[in-house]
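This structure is a prediction, so every number in the text was calculated from the model and none was measured. Proteins get letters first, then strands, A, B, ... in listed order; numbering begins at 1 in each.
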Amino acid sequence: MSAPMQGPVMRHLAVAVVTVVAVVAAAVAPFAPAAQAQSRSIVLASTTSTEQSGLFAHLLPRFRASTGIDVRVVAVGTGQALDLGRRGDADVVLVHDRPAEDRFLAEGHATRRLDVMYNDFILVGPSADPARTSSAGTVMEAFRRIRQAEHAFVSRGDRSGTHAAELRLWELAGIDIQQARGAWYRDTGTGMGPALNIAAAMDAYLLADRGTWIAFRNRQGLRIVLEGDARLKNRYGIMRVNPARHPHVKALEAQQFIDWLCSDAGQRVIADYRIEGEQLFFPEAAR
Amino acid sequence: MERDVSLPAASHRPAPEAAQAAAPLSPPPALVLERLGYARAGQVIIDDVSVVLNGTARTLILGPNGAGKSVLMRLCHGLLVPTSGSLRWEPARPVRQAMVFQRPVVLRRSVLANVTYALHLAGVPRRRRRAQAFDALERVGLAGLASRAADLLSGGERQRLALARAWALAPEVLFLDEPTANLDPASTAAVERIAMAIHAAGTRIVMSTHNLGQARRLAGDIVFIDQGRVIEHVPAPRFFAAPGSMNARRYLEAELP
Amino acid sequence: MNDIGLALRQALSMLVTLDPSLVGVVLLSLQVSLGAVLIAAIAGAPLGAVLAICHFPGRRPLVVIFNALMGLPPVMVGLFVYVLLSRAGPLGPLGLLFTPRAMVIAQALLVWPIVVALSRQAVEDLWIEYAEALRSLGARWWHAVPTLLWDARHALITVLLAGFGRAIAEVGAVMIVGGNIDGVTRVMTTSIALETSKGNLAFAMALGFVLLALVVLLNALAFTIRQRTMPHGT
């Protein structure tokens, strides 16, 4: 009798086995090194504005070089970032909505908040500025004029720091936005970038942070229509998630990161970050 | 076909040691059907059938289309459960049996693997399967195609493979349900030759057919059924010479030889 | 139009130069989605086969449920897995959130019903043909399941491809449970979402073209395997 198993069946089997082995290897390979590195990494919950401005890509490799600690950034809105901290899913939060940060402190999820840096919000709108916001003088007056003209206005609507700032400005302008909102007020529920994309597509006004705006590449007909009002200051605060509340928080590494960020070295790195010669963030740590 | 019936307990599974024997040694137990009935969706398909099949006979089941031949064979083989009456083996013991269908089912694997698969299910130890499978393939003339993908075989070759798969199990009883209905004359002749050889090795054959010539060539005895009832069960020469019933006479006249 | 041309050129240059950050993202995408499909296949195909051939109380509702779950929104799966893996959730102590493993788990959950429902269909078609012969040979359901899965292997390759297509293309689940962390959990789709938010439309689209090329390549590979292992054309 010949050896019939050398036939196609054997070959098919070989193909199947090789495929399965390759797939398993590919599936399992990436996770081994990731597990090793875990002990020297922390999770930083932060805002889309800082991530999308490119600051972290500039900052974190330098921190890593000096400490060996890997910082993993989960970029979401300020509200969601604080929620990640509340559930214990982040070690550090870096956000920009002071009232929300104070609530976080009061709830005991962190014990201390530190100023890190600031930049400013800007009012962005169509080049033609149909609501004449450029000549408004103050951001409150500009908001009133947009409301008056009922010109399209894009709101983040996502509980982010920028959204919270926008809502405060409406209030300061004496406008109850819940009542005044109409078809002109577009509540988009998106991050800063998508909101800018939407505003660009429909020639709308919106409140943006300067960092994201400078790094943003799809401006189309948009430009800054109003800036420099003291009310537009945008402060970033940093907090370590309270290890007493969330025991698995990597307290040591988290504190190292906060200390470095507020040190001269860290503050210099923040000040050094520029896009096309423009400085995006201004250090503000208490010395 | 019978998708609503869950898998039955394999009461007819061959005893592993016995299946290794090349051929049965003693005649199989008699298959006794008593007032057997089968109905589906309120329609009676097999009605009050009482028949005894014994020895190593070659029984041919004849009858017009829709008479219930296939259902009767499936009841005998255990693929269907009777809705009335009883069916038993005497003396009662597990009986090695196999069935070959009108449309041969081949698994999507090599010809050889089709046979070793059946041996595996029959409990034959791994080291013996290959040799036994080859043996069976040689007996049906398919040894040369052993490594071929079975779904590439022609219709006749598929049916021979199904026969080899059945034969490899050394069944005491083999059911053949119109095994040549879709085959050309050469393939039909091959299937008949193989059926005779299996019978010669000591297996009881129960077969249905539409081909009267085939019935004349193969039959030891004839079970003639019509509308789910057994009309007569007589030795083949007597059936063809002088059918005892009007129905059978009419059937013989109408069917082409 | 201009953007699309730019995107195509950019995609081409990324592929030609094998941009290392792109390679990392592509590899992670492949590893996560292939891992998910593998898990879903191991957990799903046998279950699909059992649903195809075994008749037990509650089978029909199960079939309907798995069929319906094929349309599960990825973001919902992501949310579900997030709540499970969050430190405050039942599996929190495992520390899996924001890791590739979490993404594999989420995508496996997403693909599992697809594998179950489609392999049930494939096996059921074959079972119609095989049932009597297998039962005649004395096969019980635990014999029939592996037999049918093996014999339906060509159909199952297509099933797994469908699952893989779903996994590699989804963004909602991996975004939530992976967090889109640069160099750790950033995959093709979350990169595309990120670049789109940054207004880098051409770059985002270029990434999309790379993703598309990858999926086409994998399908071609599967097609070739099918062709080579199949005795006849179908």
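- Among the candidates B:V106, B:V100, B:L107, the residue making the largest number of heavy-atom pairs closer than 4.5 Å to chain C is B:L107.
- The contact between C:L126 and chain B is made entirely by side chain atoms (from C-beta outward), counting heavy-atom distances below 4.5 Å.
- Counting only N and O atoms by type, the side chains of B:D177 and B:H77 include no donor and acceptor under 3.5 Å apart.
- Side-chain contact, B:S187 with B:Q159: no donor N or O sits under 3.5 Å from an acceptor N or O.
- Neither the backbone nor the side chain of B:R103 comes within contact range of chain C; no heavy atom of the residue lies under 4.5 Å from a heavy atom of that chain.
- Pairs of residues two or more places apart, or lying in two chains, that qualify as salt bridge (Lys or Arg N to Asp or Glu O under 4.0 Å) and include a residue from residues 75-92 of chain B are B:E34-B:R88, B:R88-B:E90.
- Neither the backbone nor the side chain of B:F175 comes within less than 4.5 Å of any heavy atom in chain C.
- The list of salt bridge (Lys or Arg N to Asp or Glu O under 4.0 Å) pairs with a residue in residues 111-121 of chain C, not counting sequence neighbours, reads C:R120-C:E124.
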